[in-house]
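Comments concern the structure below.
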Amino acid sequence: MPAQQPTTELDARYSSALNPRPGVSEVTATAWAEAQGRLEAAEIFWVSTVRPDGRLHVTPCIAAWHDEVLYFSTGRTEQKAKNLAHDAHCALTTGANSLTDGLDLVVEGRAVPVADRPRLEEVITAYETKYGPHITAPEGTFHGIGDAFRSGDAVVFAVAPDTAYGFGRDNGVYSQTRWTF
């Protein structure tokens with residue numbers, strides 16, 4: 001289910017390229033490799049799903065980027081699991097809270113439950129490598145998450161990007177990049 005390499009497009013309408021300020025050099029699209037690095041490093045994501053009645057549901061979660069796919073999990077009876085059973089479309093968002101610096105990322109796609117045991121073990125390894133003691137140590141925040149994945153108490157979802165967006169801010173220079181897969 002890994003995504004292919006995307007086409008990259010700078011959207012000048014929402015970038016400093018359209019309305020350059022003094023001292024602003026040419027604004028360029030963010031490279032997909034940079035976005036991937038940020039997805040790998042980000043610790044907190046916000047997952048947005050749609051309830052059966054059309055209302056949005058947004059919650060924080062942890063996630064791991066592995067083999068061109070973003071993985072997250074939830075309990076079987078949690079609202080996001082119910083929403084995804086009804087409509088698999090979702091978005092995962094991560095970024096910074098600064099007005100002038102950072103890169104916010106949005107990954108849109110369909111959340112597909114991971115049933116393949118070897119893939120599940122790879123995802124567990126990716127989580128344990130990324131989050132370390134938070135998952136592996138008895139006093140960790142998410143201790144036992146790998147066992148919850150293996151037992152099926154938590155559902156692991158894979159989201160291969162359909163479209164992703166990067167909203168860059170570099171000392172007040174703004175860029176908006178769209179990656180289409």
Side-chain angles (χ1 to χ4, degrees), residues 1-18 26-52 54 56-74 80-96 101-131 149 154-170 173-181:
M1 172 167 154
Q4 69 277 11
Q5 287 302 303
T7 58
T8 302
E9 174 188 359
L10 176 71
D11 191 335
R13 296 174 301 168
Y14 306 108
S15 302
S16 294
L18 185 65
E26 184 178 323
V27 177
T28 60
T30 302
W32 179 239
E34 181 179 346
Q36 284 184 9
R38 301 281 182 113
L39 291 171
E40 289 171 1
E43 293 182 350
I44 297 294
F45 292 80
W46 292 87
V47 59
S48 301
T49 59
V50 180
R51 297 173 192 261
L56 294 176
H57 178 71
V58 182
T59 59
C61 68
I62 61 174
W65 179 257
H66 176 67
D67 283 349
E68 310 294 322
V69 175
L70 195 54
Y71 294 90
F72 72 96
S73 67
T74 187
K80 59 185 161 286
K82 294 174 185 177
N83 296 347
L84 292 169
H86 173 72
D87 183 345
H89 292 97
C90 67
L92 287 113
T93 307
T94 192
D101 292 298
L103 179 64
D104 298 328
L105 297 167
V106 178
V107 174
E108 297 178 344
R110 294 177 49 87
V112 177
V114 177
D116 180 67
R117 295 302 283 194
R119 175 58 63 169
L120 188 60
E121 289 301 323
E122 289 179 22
V123 172
I124 291 167
T125 299
Y127 265 80
E128 289 175 345
T129 300
K130 180 175 183 176
Y131 292 102
F149 290 178
V155 183
V156 177
F157 290 98
V159 179
D162 291 330
T163 306
Y165 299 91
F167 303 92
R169 298 171 309 285
D170 182 10
V173 177
Y174 299 93
S175 65
Q176 181 174 319
T177 304
R178 175 185 300 121
W179 300 279
T180 306
F181 296 82

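In this chain, residues are counted from 1 in sequence order. Owing to the predicted nature of the structure, the values given are computational and were not obtained by experimental measurement.
- The minimum heavy-atom distance linking I62 with E43 is given by the pair CG2-O, 3.7 Å.
- In this structure, CD on E108 lies 10.0 Å from OG1 on T180, to the nearest 0.5 angstrom.
- Here E121 pairs with R150 under the salt bridge (charged side-chain N to carboxylate O under 4.0 Å, His left out) rule; sequence neighbours left out.
- Counting heavy atoms from C-beta on, the side chains of V156 and P113 never come closer than 4.5 Å.
- Between Y131 and A42, the shortest heavy-atom contact is OH-O, 3.8 Å.
- Between F167 and Y165, the ring planes lie parallel to each other; the angle is under 30°, not in the 30° to 60° tilted range.
- Here the closest non-hydrogen pair linking S175 and V27 is CB-CG1, 3.6 Å.
- Taking the six-membered ring wherever Trp is involved, the centroid distance between the rings of W32 and F181 falls below 6.0 Å.
- Considering only heavy atoms from C-beta on, F149 comes within 4.5 Å of S73 through its side chain.
- Annotation: side chain of E40 is not in contact with side chain of K130 (no heavy-atom distance under 4.5 Å).
- When all heavy atoms of D162 and G109 are compared, the closest pair comes out as OD2-CA, 3.4 Å.
- A donor-acceptor pair under 3.5 Å is absent between the side-chain atoms of K82 and the main chain of R51, judged by distance alone.
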Output a table of donor-acceptor pairs, distance under 3.5 Å, between side-chain atoms of residues 84-92 and any protein atom two or more places apart or on a different chain; print 'none' if there are none.
| from | atom 1 | to | atom 2 | distance (Å) |
| --- | --- | --- | --- | --- |
| D87 | OD1 | H89 | N | 3.0 |
| D87 | OD1 | H89 | ND1 | 2.8 |

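- Listed for the T30 side chain is no donor-acceptor partner under 3.5 Å among the backbone atoms of T177.
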Working for side-chain contact (heavy atoms from CB on, under 4.5 Å), residues L56 and V50 | CA-CA 5 Å; L56 294 176; V50 180; 4.0 Å; yes
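- Considering only heavy atoms from C-beta on, F45 comes within 4.5 Å of L39 through its side chain.
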message = Let's go through H66 and R119 carefully: what are the C-alpha distance in whole Å and the side-chain angles of both, what is the deciding distance for side-chain contact (heavy atoms from CB on, under 4.5 Å) to 0.1 Å, and is it a yes or a no?
response = CA-CA 10 Å; H66 176 67; R119 175 58 63 169; 3.4 Å; yes
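- The SG atom of C61 lies 8.0 Å from the CD1 atom of I44; values are rounded to the nearest 0.5 Å.
- If you run side-chain contact (heavy atoms from CB on, under 4.5 Å) between T94 and each of L105, V107, V106, D104, only L105 comes through.
- Side chain of Y127 to main chain of Y71: a donor-acceptor pair is present (N/O by atom type, distance under 3.5 Å, no hydrogens or angles).
- Atom CG of L10 sits about 8.5 Å away from atom CD of Q176, to the nearest 0.5 Å.
- Contact detail for L70 and A63: the closest heavy-atom pair is CD1-CB, 4.0 Å.
- Residues meeting the ring pair (Phe, Tyr, Trp, His ring centres under 6.0 Å) test with F72, sequence neighbours left out: F157.
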